[in-house]
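What follows is a single structure, written as structure tokens, with notes after it.
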Amino acid sequence: MIPIAKPILGKEEKEAVLAVLDSGMLAQGKKVQEFEESFARFIGTKHAIATTNGTTALHAALQALGIKEGDEVITSPFTFAATGNTIRMVGATPVFVDIDPATFNIDSRLLEKAITPMTKAIMPVHLFGKTAEMGKICEIAKKHGLSIIEDACQAHGAAIEGKKAGSFGTACFSFYATKNMTTGEGGMVTTDDDDVAAAVRKFINHGSWKRYHHDSVGHNFRMTDLAAAIGCEQLRKIGQFNAKRRENAAFLTKNLKEVAGLVVPEVSEEHVYHQYTLRITDRFPCSRDEVSSLLTEKGIGNATFYPVPLHQQQSFAEYNSLSFPEAEKAAREVLSIPVHPEVTQQQLQQIVAVLRSIR
Ligand SMILES: *Cc1c(COP(=O)(O)O)cnc(C)c1O
């Protein structure tokens, strides 16, 4: 089976974890600080604050920006549940704006119409490793005095017009096992804003400003040195990982772009192909689900991210009567196929051959 995702861990990660175990300092210490400093340098922000996972990073960022009950946060309905859930966790109301079918990201042309006096922030998601249209989004945010919280959980190292995803406002990353780089579970908030950084740090550490002195309530969302030790090593490799993903994606696009009924991702140096996602349109000889079964039968991992847009989830019942046609269409058509750095040339050829053989 060619897996759809695979964490790539070498002797560097193993040695780094063993060194932490040998040190006897397992919770937060030097390794977390080292990981934060190197991640901030990588993204080009003043601050980076490590957390337990991407979801708690989003939660802490929203909290730090003062987003609360009665506030609205504009986001995409075509994303992982954590994007919408965390907005609700702080008591705020998600407001969905449909996606641009060409990018799967929030459609900046529809953004302004969704702004109300209650809007406090825009949370664009850089889905599948493709950065949202940040130039336009930042312009709109500035004009209306809104915060930006990037959900960059799938976009480590991605960029748009030469500027890194995660450097446009306050941003959140995930280091879950399937992401472009991993710590098992882990997260990071990046920001240039000193106050936001301080508020995130306090919220993830029990609302404590000095040991055993608390001026607000908070959580324990701290990363461990064990996770950070893995993160430091992964960060040295992310450039190579992403380069290999781009090479694999370019091969797939070159060999699949003329197949009638398939829509393939663009070839771009700024995309990090967290997923290589096809659209199986109704001009293709068989349905998305039939393609999925056939690939599985041939030992080729595949998955639909995401089969149900957030506004159609049971957990978002009050949104179920709303309609976001492009998100719904994408949910019906998308299928992701293996693109991770350990997919071999021979496997890529096999994937292409199977897809091209369907009549
Ligand atoms: C993975 C992911 C998250 C959540 O990250 P976890 O580390 O799994 O909590 C949030 N948003 C998006 C778009 C993701 O892909």
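Any value given below was found using the heavy atoms of this structure, including those in side chains, with hydrogens, waters and symmetry copies removed. All figures in this text were calculated on a predicted structure; none of them were measured in a lab. We count ligands from 1, going down the list as the structure has it; atoms in each ligand are counted the same way.
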Angle class for the [X]/[Y] ring planes (parallel below 30°, perpendicular above 60°, tilted otherwise)?
X    : Y    : answer
H156 : F175 : tilted
H206 : H214 : perpendicular
H59  : F203 : tilted

Which of the ligand 1 atoms, numbered from 1, are nearer than 4.0 Å to a heavy atom of G54: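 The list of qualifying atoms is 5 (O), 6 (P), 7 (O), 9 (O).
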Run the numbers for me: atoms of ligand 1, each under 4.0 Å from some heavy atom of N53, listed by number.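 Once the distances to N53 are compared, the set is 7 (O), 9 (O).
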Does any N/O atom on [X] come nearer than 3.5 Å to any N/O atom on ligand 1?
X    : value
T79  : no
F80  : no
D151 : yes
Q154 : yes

Row check, F316 ring normal vs R88 NZ/CZ: under 6.0 Å, within 45°: yes
Run the side chain to side chain donor-acceptor pair (under 3.5 Å) check on N302 and S292 step by step: do they pass? CA-CA 7 Å; N302 64 92; S292 170; 2.7 Å; yes
Check against side chain to side chain donor-acceptor pair (under 3.5 Å), Q234 and E13: CA-CA 8 Å; Q234 291 272 294; E13 285 81 357; 2.8 Å; yes
What protein heavy atom is closest to atom 9 (O) of ligand 1, reported as residue, atom name and distance in Å? T55 OG1, 2.5 Å
Are any of the heavy atoms in K179 under 4.0 Å away from ligand 1? yes
